[in-house]
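Just the heavy atoms: all of them, side chains too, but no hydrogens, waters or symmetry mates, feed the values below.
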Amino acid sequence: MTDTPARRPAGELEAQVLAALWAAGGPLTPQQVQHALPADLARTTVATILARLHEKGTVSRTKAGRAFAYTPTVQDADGLAARRMRTELDRGRDRSTVLARFVSDLSGEDERLLRELLGEQP
């Protein structure tokens, strides 16, 4: 049996890249992101992650010399979670059913909070 490195959980590298971008407070090139990350990743790996995040609409990019500089389009992890929820809702064939099933699985506290956010009384 060979010892193989443990695989990272899905999305861990994307989360690390986004955290580096949020901390920077401004656009970063792949090389700058690479230097900001705690993991020792190849620049090409970082560039690939940034390209995937761009395809998902999670970051925007602008030309910076021969490279691109990336900026997050969401402000924080909560904004990212909200965007993912919206994406899943948009994927459903029947929005009403998707929303009904989502709401039916909420805890009482989450239901109360949602009603409050919608301006309804419990």
**Asked** Hey, is E55 close enough to R52 for a salt bridge, meaning N to O under 4.0 Å?
**Response** no
**Request:** Give a yes or no on whether the backbone of L50 and the side-chain of R61 come within a donor-acceptor separation of less than 3.5 Å.
**Result:** no
**Message:** Treating Q34 as the side-chain partner and L41 as the backbone partner, does any N or O pair qualify as donor plus acceptor under 3.5 Å?
**Reply:** yes
**Request:** For residues L28 and A20, report the shortest heavy-atom separation together with the two atoms involved.
**Result:** CD1-O, 3.9 Å
**Asked** Of all heavy-atom pairs between M85 and F102, which one has the smallest distance, and what is that distance?
**Response** CE-CZ, 3.6 Å
**Complete:** dist S104:OG -> L99:CG (nearest 0.5 Å) comes out at 10.5 Å
**Asked** What distance separates E14 CD from T58 OG1, expressed to the nearest 0.5 Å?
**Response** 7.0 Å
**Prompt:** Can a salt bridge be assigned to the pair E88 and R84 using a cut-off of 4.0 Å between side-chain N and carboxylate O?
**Reply:** no
**Message:** To the closest 0.5 Å, what do you measure between CG (L37) and CD1 (I49)?
**Reply:** 7.5 Å
**Prompt:** Donor-acceptor pair, T29 side chain versus A69 backbone, under 3.5 Å?
**Reply:** no
**Atom of Q16, atom of A39 and distance for their closest heavy-atom approach** = OE1-CB, 4.1 Å
**Asked** Nearest heavy-atom pair of G92 and V98: which atoms, and what distance?
**Response** CA-CG2, 4.0 Å
**Message:** What I'd like to find out is whether the side chain of Y70 reaches to under 4.5 Å of the side chain of P30, using heavy atoms alone.
**Reply:** yes
**Asked** Can you tell if the side chain of D105 reaches within under 4.5 Å of the side chain of D110, non-hydrogen atoms only?
**Response** no
**Prompt:** Rounded to the nearest 0.5 Å, what separation is found between the CG atom of L13 and the CG atom of L18?
**Reply:** 11.0 Å
**Prompt:** If every non-hydrogen atom of P72 is compared with every non-hydrogen atom of L21, which pair is closest and at what distance?
**Reply:** CD-CB, 3.8 Å
**Asked** Looking at R86 and D90, does any basic side-chain N land under 4.0 Å from a carboxylate oxygen?
**Response** yes
**Request:** Go through the structure and list residues passing salt bridge (charged side-chain N to carboxylate O under 4.0 Å, His left out) with R93, not counting sequence neighbours.
**Result:** none
**Prompt:** Who else is in L117's hydrophobic cluster (ILVMFWY, side-chain heavy atoms under 4.5 Å, direct or via others)?
**Reply:** L113
**Message:** Going by side chain to side chain contact (heavy atoms under 4.5 Å, CB included), name the residues that satisfy it together with R66, two or more places apart in sequence or in a different chain.
**Reply:** none
**Asked** Checking side chain to side chain donor-acceptor pair (under 3.5 Å) against T73, which of R83, H54, K56 comes through?
**Response** R83
